[in-house]
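Everything below concerns the one structure shown next.
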Amino acid sequence: MNLPEGFITKYQQLLGDQADAFLASFDQPVVNGFRVNPLWPDAKIDLPTDQPIDYSEWGYLGKVDGNAIDHVAGYVYSQEPSAQFVGTVAAPRANEWVLDLCAAPGGKTTHLASYLGDSGLLVSNEINAGRAKILASNVERFGLTNTIVTNNDPATLAAAWPETFDRILVDAPCSGEGMFRKDPEAIRYWTPDYPATCAARQREILTEAVKMLKPGGTLVYSTCTFSPEEDEQIIAWVKETYGFAIEPIAKTDGMVDGHPEWANDDPELKNTARLFPHLLVGEGHFVAKLVKPGELTEDHPVVPVKATMTKPQSTDFQTFVTTSLNQSFVGQFMVRKEQLFVLPSQVPDLMHVRLVRPGIHLGMFKKNRFEPSHTLATLTVPHLFKQEFDVDDAEYQRYRHGETLVRELPGKQFVRLTKEHKGFAIGHLVNDTIKNLYPKGLRV
């Protein structure tokens, strides 16, 4: 790999006798990994699970086929091994309110949700509108029921939600040095001054994150870079500026302590974790776990949302439930531009933030009828639909291409399509024909 000369010189000076092995690691093959979705506890997947990742409860080494049913139905999530350590360190507890502040494309969000299950609240935010849509798609594919996706800058969220969250993850935008092997395009953006530019932005993001964290709450900070300016020096700044304590991180599989000598020689910086590709199986990462001064309480600023369905909309939705589902949805409903959502059981004030997915996207109101969302295909609610049809390989390919299917069953109702009994699509059964509702953006 053609690494920048300034990068080579910098890490020769920082790493000393380890520099040669470190630099040589960039010519080694990328290692792939994935996580199993624990929200489907009895799921059987087709991928081999004989290479578990020791530090990731649901993680394994291996490559995911993006068109395979396990991926399409949300039973697995492709995530590089080192990145899985971030979720392991964050490890939310049941019923906590958690914010993933820089969340796209969704790997760490779905990992956080694996710990929460259906409890608490997970807010997954992305400042870039296009990436926020990708994030929402991955949240939906993983079947999450307690997650809100937002598209805001950190300052907007901080103004709306002061001291709201028990736990915040800041997987900060960074110079990406740890991804050079996985994404060689990142090399083009690197200059000797780029880490300092990124560090300035990271301080801005953390300034707002601190405002949203409850006293006694936990802040997990991570990057995919080796740069001390963005790693130890940022953590030293948080401790000095806000009085946070740096919690020890249990290290395994070749992980090493952070380097106090690369910041201000504070011995607490050894509590942070560095993941170097020449010392372990995976890409480069840095992780720190900090606790805000104060006592953590269980209180959350819950704000009720008034039901927003009109009477005709409520009638159309109930008709869909009666004809197509085995059960209805319970909770607060929200209608946004004819789209119907059911919110998590507890939510903060949603009036002053830009929402992409304020809960489960149930579907859309059309003229005199309600059409369910693709979200319901992968929602982790077993036997949700009255009719589910398991398809073979050929039908799976045809439906994902946009074609209809035939089933000898009269009448009209919405159905869920499965392969290997794993939901992947919604269809509209009309007199023996299953009309195709597969999203055009997902067709292959």
Side-chain angles (χ1 to χ4, degrees), residues 1-5 7-8 10-11 15 18-37 45-68 70-72 75-89 102-111 131 134-135 138 141-142 171-190 194-195 198 222-227 230-231 251-256 273-287:
M1 182 174 289
N2 188 22
L3 297 169
E5 193 61 38
F7 178 84
I8 294 172
K10 177 177 182 177
Y11 288 100
L15 293 176
Q18 289 197 48
D20 288 346
F22 168 73
L23 295 170
S25 71
F26 289 91
D27 291 321
Q28 299 301 309
V30 171
V31 179
N32 297 293
F34 65 92
R35 286 181 292 101
V36 174
N37 187 346
I45 64 170
D46 296 329
L47 288 164
T49 55
D50 57 343
Q51 298 186 77
I53 299 172
D54 291 342
Y55 51 80
S56 180
E57 184 175 352
W58 304 285
Y60 300 88
L61 298 181
K63 190 169 184 178
V64 172
D65 178 355
N67 287 315
D70 285 339
H71 178 267
V72 173
Y75 280 64
V76 299
Y77 195 101
S78 178
Q79 189 179 33
E80 184 272 318
S82 292
Q84 296 186 33
F85 186 60
V86 179
T88 297
V89 172
C102 312
K108 295 177 177 69
T109 277
T110 54
H111 201 174
R131 284 169 56 82
I134 296 171
L135 170 63
N138 283 326
R141 183 169 55 82
F142 212 67
D171 184 43
C174 66
S175 58
E177 296 171 351
M179 294 293 108
F180 282 178
R181 186 166 66 177
K182 184 179 177 182
D183 180 18
E185 280 292 301
I187 296 174
R188 294 195 303 110
Y189 300 102
W190 193 91
Y194 192 36
C198 292
S222 66
T223 72
C224 56
T225 190
F226 308 108
S227 164
E230 304 172 72
D231 294 342
K251 304 172 182 74
T252 183
D253 291 9
M255 301 171 192
V256 297
R274 277 190 168 271
L275 286 69
F276 285 108
H278 67 293
L279 298 177
L280 49 69
V281 177
E283 307 308 308
H285 258 77
F286 172 85
V287 189

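Values below: every heavy atom of this structure, side chains too, minus hydrogens, waters and symmetry copies. Along the sequence shown, the residues carry numbers beginning at 1.
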Would you check if [X] and [Y] make a side-chain contact, meaning some heavy-atom pair closer than 4.5 Å?
{"X": "F85", "Y": "H285", "value": "no"}
{"X": "M1", "Y": "I187", "value": "yes"}
{"X": "C224", "Y": "K182", "value": "no"}
{"X": "L279", "Y": "Q18", "value": "yes"}
{"X": "V64", "Y": "L47", "value": "yes"}

Can you tell me if [X] uses its side chain to pair, donor with acceptor, with the backbone of [Y] under 3.5 Å?
{"X": "N37", "Y": "F142", "result": "yes"}
{"X": "R181", "Y": "S25", "result": "yes"}
{"X": "R35", "Y": "G107", "result": "yes"}
{"X": "D171", "Y": "C102", "result": "no"}
{"X": "E80", "Y": "E283", "result": "yes"}
{"X": "E177", "Y": "S227", "result": "yes"}

Inset, instruction - Specify the closest pair of heavy atoms between F34 and G62, including all atoms of both residues, with the distance to one decimal. - result: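 Of all heavy-atom pairs spanning F34 and G62, the closest is CD2-O, 3.7 Å.
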Inset, instruction - Decide yes or no on side-chain contact (heavy atoms from CB on, under 4.5 Å) for Q84 and W58, but give the supporting numbers first. - result: CA-CA 9 Å; Q84 296 186 33; W58 304 285; over 6 Å; no
Inset, instruction - Answer yes if the ring centres of F26 and F7 are under 6.0 angstrom apart, and no otherwise. - result: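 When the ring centroids of F26 and F7 are compared, they turn out to be within the sub-6.0 Å range.
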Legend entry - Member of N32, T49, V281 meeting the side-chain contact (heavy atoms from CB on, under 4.5 Å) criterion with L61: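 Exactly one pass, corresponding to V281.
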Legend entry - Derivation and outcome, side-chain contact (heavy atoms from CB on, under 4.5 Å), residues H71 and R141: CA-CA 9 Å; H71 178 267; R141 183 169 55 82; 3.5 Å; yes
Inset, instruction - Kindly determine whether N138 and T110 satisfy side-chain hydrogen bond (donor to acceptor under 3.5 Å, both in side chains), including the steps that lead there. - result: CA-CA 8 Å; N138 283 326; T110 54; over 6 Å; no
Inset, instruction - Supply the atom-to-atom distance D70 CG to Y75 OH, rounded to the nearest 0.5 angstrom. - result: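 One finds 8.5 Å between CG of D70 and OH of Y75.
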Legend entry - Option among W190, F180, F22 that satisfies the ring pair (Phe, Tyr, Trp, His ring centres under 6.0 Å) test with F226: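 By the ring pair (Phe, Tyr, Trp, His ring centres under 6.0 Å) criterion, F226 pairs with just one of W190, F180, F22: F22.
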